[in-house]
Amino acid sequence: MAHEAAAAPAAPAKLVIQNIGLLLSGDIAAPVLDADTIVSIGGRIHFVGRRADVDLDDAHCIVDAHGCALAPGLIDSHVHPVAGDWTPRQNQLGWIDSCLHGGVTTMISAGEVHMPGRPRDIVGLKAFAITAQRIFNGFRPSGVKVHAGAPVIEQGMVEEDFKELAAAGVRLLGEVGLGSVKDGRTAREMVAWARKYGIQSTIHTGGPSIPGSGLIDKDVILAADADIIGHINGGHTALPDAQITCLCESCGRGLELVHNGNERAALHTLRVASGLGQLERIILGTDAPAGSGVQPLGILRMIALLAGVGGVAPEIAFCFATGNTARMRALDCGLIEPGRSADFVLMDKAQQSAGKDLLSSVALGDLPGVGMTVIDGVVRSGRSRNTPPATAIPEIIRG
Ligand SMILES: [Zn+2]
């Protein structure tokens with residue numbers, strides 16, 4: 001495991017990635033860009049275009065992509081981190097580093113609920129949320145950006161609590177429904193307070209995940225009006241199809257599909273959202289670590305499921321895990337455009353895939369091979385130790 005200390009290594013003044021065979025933008029309106037070269041300066045995308053238009057003389061680091069595809073680093077919209085790269089849920093070390101090898105460069109906490117003995121009293125849960133925000137802000141496991149500090153709301157919280165959390169830097173709520181607030185009316189009041197102070201909310205959907213969790217159905221979800229309908233495909237127990245359809249049709253909120261959910265319900269959600277012409281609402285997560293474990297390739301597996309079985313174009317499926325999430329969650333990554341964070345995953349079709357190239361291999365349900373990840377303009381990993389081996393892999397030719 002390569003744990004990195006708080007201060008990420010300084011981004012190279014200028015990083016050039018050339019010979020990109022396919023540039024996936026993350027933007028569902030234009031998922032493929034006509035370009036073969038990206039330049040990042042100081043960790044931000046500076047230029048997207050043709051190699052002939054780039055001055056290589058002053059480049060600190062040059063990567064030859066050797067024809068690989070480049071996409072924005074994948075975003076896992078739903079994780080449950082606890083401390084650094086340790087999870088007590090499955091008593092595992094290095095799980096975030098493993099996910100980096102699955103192309104994930106950003107994670108969003110849906111609550112640090114696996115902390116043994118986590119406080120449920122109001123002063124305790126506020127202190128714990130602020131601590132979680134601080135510790136993951138101060139330490140990026142293997143460079144992965146973990147947005148944490150997501151308190152689970154409990155009965156008795158008042159508006160002042162949300163104001164105080166926001167002032168202390170908390171920007172997320174943990175899954176509504178995992179605490180003592182399980183009724184729509186109370187949830188709605190607290191979600192609105194959170195929103196008023198700039199805190200984004202996610203609600204648990206479906207049956208209980210583990211003993212102690214509970215059922216949250218469509219009536220509670222519509223009443224609560226959280227920003228993201230968390231794991232609308234269940235975590236793992238899904239709502240009936242008719243309720244999922246109703247949720248898609250009755251509000252414009254985010255539709256989160258997770259790996260630790262019901263695959264059939266995920267495909268149902270995809271069909272309904274597609275029928276509504278609202279694929280920009282779909283975002284992807286793993287819900288790891290969970291009862292079904294840590295899923296280092298979970299986001300790639302969701303992309304392969306939705307493309308290979310769900311029939312959505314693979315270049316669109318990548319947007320579910322990049323630009324859609326970035327826009328919905330106001331992140332500065334997830335899209336290939338100047339000014340955004342230079343967070344990338346470079347991939348090629350897996351060796352011996354029946355597909356002729358990356359996209360056709362994903363359309364056949366195969367996983368891509370990850371060849372490199374870049375975060376804030378810094379190369380963070382080379383050939384993945386977890387994906388099937390990529391046919392071609394990028395190479396650092398300077399720096
Ligand atoms: Zn949940």
Side-chain angles (χ1 to χ4, degrees), residues 75-82 87-90 95 99 107-115 118 120 125 128-129 132 146-154 172-184 186-187 190-191 194 199-240 243-244 247-248 251 253-266 268-269 281-295 298-299 302 325 328-329:
I75 304 167
D76 187 333
S77 174
H78 193 129
V79 297
H80 292 293
V82 166
T87 168
R89 190 73 180 84
Q90 299 297 345
W95 70 281
C99 293
M107 293 178 162
I108 311 288
S109 174
E112 297 78 34
V113 292
H114 299 158
M115 171 60 95
R118 77 176 161 95
R120 291 162 190 261
L125 77 86
F128 178 48
V146 181
H147 297 270
V152 174
I153 56 174
E154 299 284 355
L172 299 163
L173 285 190
E175 282 175 78
V176 174
L178 295 191
S180 55
V181 176
K182 298 189 190 294
D183 67 287
T186 311
M190 293 189 186
V191 161
I199 298 175
Q200 195 175 56
S201 53
T202 297
I203 190 162
H204 173 94
T205 305
S209 300
I210 52 171
S213 171
L215 166 71
I216 301 289
D217 68 8
K218 81 160 174 35
D219 295 333
V220 176
I221 292 161
L222 290 173
D225 194 32
D227 298 306
I228 311 282
I229 303 176
H231 55 63
I232 189 170
N233 62 318
H236 181 279
T237 311
L239 295 174
Q243 289 203 26
I244 292 175
L247 287 170
C248 295
C251 72
R253 299 300 186 188
L255 307 173
E256 186 188 72
L257 304 177
V258 301
H259 187 266
N260 181 43
N262 178 318
E263 292 88 345
R264 201 193 64 80
H268 175 75
T269 308
R281 291 171 62 195
I282 293 187
I283 60 176
L284 304 183
T286 54
D287 199 4
S292 49
V294 165
Q295 299 126 14
I299 298 296
M302 288 302 291
T325 322
M328 204 172 296
R329 293 190 174 279

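When a ligand or atom number is given, it counts from 1 through the structure's own listing order. Fair warning: this is a prediction, and the values are worked out from it, not measured in the lab. Positions are given from 1 along the sequence.
- Taking the six-membered ring where tryptophan is involved, the planes of H80 and H114 are tilted, since the angle between them lies from 30° to 60°.
- Listed by chain and residue number, the protein N/O/S atoms under 2.8 Å of the Zn ion (ligand 1) are E175 OE1, H204 ND1, H231 NE2, with waters left out.
- Here R281 pairs with Q278 under the side chain to side chain donor-acceptor pair (under 3.5 Å) rule; sequence neighbours left out.
- Between the side chains of S180 and R120, no donor-acceptor pair of N or O atoms lies under 3.5 Å.
- A donor-acceptor contact shorter than 3.5 Å links the side chain of E112 to the backbone of G149.
- Between T269 and N233, the side chains place no donor N or O within less than 3.5 Å of an acceptor N or O (distance only, hydrogens not considered).
- Residue I229 holds its CD1 atom at 10.0 Å from CD1 of I283, rounded to the nearest 0.5 Å.
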